[in-house]
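As the structure lists them, so they are numbered: ligands from 1, and atoms in each ligand from 1. Just so it is clear, the structure is predicted and the values come from calculations on it, not from any experiment.
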Amino acid sequence: MIRCKNTIFVLETQNTQYVLGVDKYGYNHHLHWGKKCDINDFCTPQIGDQNSNHSMLDAFRQEYTPFGKTMYRGCAVKAEFFDGCREINLKYDGYAQKDDCLELQFSDTVYPLAITLHYQTYADCDIISRWVTVKNNGDTPIYFEKLCSAEFNLPSANPYTFKNTNGAWGGENIETNTLLEGGAWVNESRRGISGHNQSPYFIAYQNADEKSGDVYFATLAYSGNFKVKAERDLFGKTRIILGMNDFDFRFQLNAGETFDTPKVFCGYTQGFGEMSRQMHKFAVENILPKSHNDKLLPVLYNSWEATEFDVNCENQTALAKIAAEIGVELFVMDDGWFGKRNNDRAGLGDWFVNREKFPNGLDALINQVNALGMDFGIWVEPEMVNADSDLFRAHPDWTYHYDTREACELRNQRVLNMTREDVQEYVFNCLHTLLSEHNIKYIKWDMNRPFSETGAENLECPQMLWYLHTKAVYDIVDQLKALHPDVAIESCASGGGRTDYGALMHFDQVWTSDNTDAIDRMVIQKGYSLLKPIKTMRAWVTDINWYNKPCTLDFRFNIAMQGALGIGGNLTKYTEKDLEICKKNISLYKQIRPLVQFGKLYRNMDIDKDEILFNQYVNAEKTESVAFIAANGTRFYKKSVPMRFSGLDEQKRYTLSINGKTYEKSGAYLMNVGIDLEVRGADYNRIILINQV
Ligand code: DGJ
């Protein structure tokens with residue numbers, strides 16, 4: 001709900017309130033974010049006196065700060081006009097409100113720039129969306145040096161701790177917590193994609209844990225270079241700005257043009273658990289593409305770890321037959337099926353089938369997969385080219401490059417200049433043809449290297465390639481989805497390099513990490529679950545145990561079944577007993593997947609803090625739940641650990657079985673007393689079904 005009282009604007013969701021205002025000078029003020037207050041108490045404060053040591057613009061809380069006057073802290077927008085002036089001075093022009101949307105309109109006092117701040121409330125998810133529109137009403141270009149999506153102000157004068165998920169390839173989503181007492185905290189990407197290393201969001205908290213404490217969060221829906229910067233001043237004011245990174249940034253807005261920044265989704269909760277549950281629900285209902293957001297994800301098999309580049313009709317058919325026997329629903333052939341792709345040195349860009357590997361074409365395999373009762377999916381890496389490819393030989397100028405610089409070849413490949421229309425057409429046509437000519441129901445869209453030598457002669461303002469590349473990817477994915485609505489598309493970038501909310505607005509699911517080691521996945525998946533929905537998190541059971549002792553197959557299933565289950569091991573090497581374990585677990589997963597993919601997640605215990613991972617998923621009616629317990633060997637003779645459940649109805653009675661013993665207990669008992677378990681031994685794992693009596 002949105003209420004407007006003179007120049008005070010109040011946005012309300014079920015449990016939160018966000019208040020802003022404008023004053024007679026045209027300044028926009030941030031007034032409140034958090035629990036609900038009486039709206040009659042709010043007014044815009046007087047901007048105090050300033051002197052040479054105290055800038056009033058640095059001191060007051062703004063919703064969106066333009067660069068100019070005596071503003072020295074980080075700003076949200078900075079532009080250069082035709083005559084070289086690089087300051088923006090805004091005046092307030094008015095507002096518009098319709099249903100759950102509010103816009104505040106401002107324009108420069110001299111130059112033909114209009115800036116609109118947008119807000120949209122999602123009341124039942126307790127989420128607010130923010131973005132900004134800039135419009136050039138003049139007849140010469142305006143160049144932005146900074147153009148962020150939103151600015152936030154936190155209420156307490158005491159320092160906040162900032163949680164983010166930093167990491168690297170093979171170690172995505174590892175939580176970090178940084179207390180910001182003074183100075184600045186920055187999370188960013190300069191790689192062209194959001195990347196594995198830092199995440200485009202902030203989670204700022206005080207005294208918080210899973211169930212309590214103030215938690216403020218906001219995530220940027222953008223897969224390109226981003227920057228999240230928080231600053232805390234001497235007076236205890238903490239501000240955060242999120243948006244496209246201003247690193248190597250210059251954005252040309254031509255006469256008459258309008259541009260919408262990427263959106264930001266934000267919220268305030270008590271505890272991290274509620275934050276995750278709200279964002280999961282919000283993403284599934286409002287963010288994910290509508291073609292698949294409400295559908296259960298199939299159990300997939302992926303060939304990468306079994307056959308790598310060495311795919312052919314025989315070995316894929318052999319894998320497919322076993323996959324079908326154990327209950328797989330979607331068979332995905334990964335890298336290696338096209339061009340001269342026998343290793344990572346050749347073939348990228350040549351999206352036609354390799355006839356040596358598939359003499360009778362792709363359909364020979366697809367028909368067999370379909371006959372086995374499974375859908376077929378395929379891997380592509382459309383934004384890339386190997387120098388050793390027909391595409392590169394025909395179009396050596398189709399990559400980002402400088403004539404005077406040698407190309408850095410990471411994984412022996414270069415990045416296609418996706419800002420060129422001819423490149424976009426080529427990529428789109430290849431994929432559209434592939435999907436039109438074959439019965440393909442799933443695409444794994446990979447992206448295996450960051451940008452370098454970012455020259456783009458085709459652009460008047462070459463720095464725009466950072467944004468235009470991401471836009472081109474989104475546009476092609478959207479066009480393909482419109483023409484092939486039954487095809488699901490997965491976002492992969494060397495594992496989890498592109499799993500941000502921008503990707504989630506266009507892709508149906510993501511590849512979480514190339515690290516499929518079950519022990520490491522316990523941590524990686526937890527980090528993922530903080531803000532991103534479980535439904536999108538692909539998790540495979542594989543044969544890989546990278547750095548740890550091998551885990552049992554049941555243990556590996558326990559971990560992978562806590563996401564969108566996939567199988568990636570070399571099934572031709574599995575024993576009959578192994579295959580029986582696969583069959584049993586896949587069948588159980590099919591039974592519980594509505595809970596996992598659409599339920600509410602409760603992180604009851606944390607592997608890092610508690611030595612035990614104890615996650616629980618509960619349906620909306622609180623009639624069914626599934627709990628996963630896993631521990632990789634506990635210390636200190638853990639004979640009796642009270643396992644207290646969450647999210648149930650205190651009044652309802654439930655049955656559950658653990659270790660062959662059946663219990664019938666009230667929700668109140670299960671949540672407040674719990675069941676004592678001996679959590680000991682290697683690869684301890686249990687899956688507990690909880691049903692209302
Ligand atoms: C990186 C992906 O993350 C892997 O799953 C696999 O698809 C390889 N690329 C293939 O080259």
Top protein contact for [atom], by heavy-atom distance:
atom                    : value
atom 9 (N) of ligand 1  : D446 OD2, 2.7 Å
atom 5 (O) of ligand 1  : K444 NZ, 2.8 Å
atom 11 (O) of ligand 1 : D335 OD2, 2.6 Å

In ligand 1, which numbered atoms sit nearer than 4.0 Å to a non-hydrogen atom of [X]?
X    : result
G495 : 3 (O)
W511 : 3 (O), 5 (O)
S494 : 1 (C), 3 (O)

With nothing but distance in play, are any N or O atoms of W379 less than 3.5 Å from an N or O of ligand 1?
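N/O-N/O distance under 3.5 Å: yes.
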Taking distance alone, with no angle check, do R411 and ligand 1 share an N/O pair under 3.5 Å?
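For ligand 1, there is an N or O atom that lies under 3.5 Å from one belonging to R411.
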Has the side chain of N386 got a donor or acceptor atom that lies under 3.5 Å from a matching backbone atom of L348?
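Looks like yes, one N/O pair under 3.5 Å.
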Would you please classify the geometry between the W351 ring and the F338 ring as parallel, tilted or perpendicular, with 30° and 60° separating the classes?
tilted
[X] and ligand 1 - part of the residue with a heavy-atom distance under 4.0 Å:
X    : answer
M447 : neither
C492 : side chain
N448 : side chain

Looking at ligand 1, does E381 have a heavy atom less than 4.0 Å from it?
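E381: no contact with ligand 1 (<4.0 Å).
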Is it true that the side chains of [X] and [Y] contain a donor and an acceptor less than 3.5 Å apart?
X    : Y    : answer
N570 : D543 : no
Q463 : D248 : no
R449 : S494 : no

Distance to the ring centre below 6.0 angstrom and angle to the axis at most 45 degrees; does that hold for K227 and F247?
no
Within 45° cone of W511 ring axis and under 6.0 Å: R521 NZ or CZ:
yes
Between L459, N417, V415, N458, which is the residue that forms a side chain to side chain contact (heavy atoms under 4.5 Å, CB included) with L465?
L459
If you take the centroid of each ring, where Trp contributes its six-membered ring, are F217 and F202 closer together than 6.0 Å?
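They do not qualify: ring centres at least 6.0 Å apart.
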Considering only heavy atoms, which of L348, D334, D514 lies nearest to atom 4 (C) of ligand 1?
D514
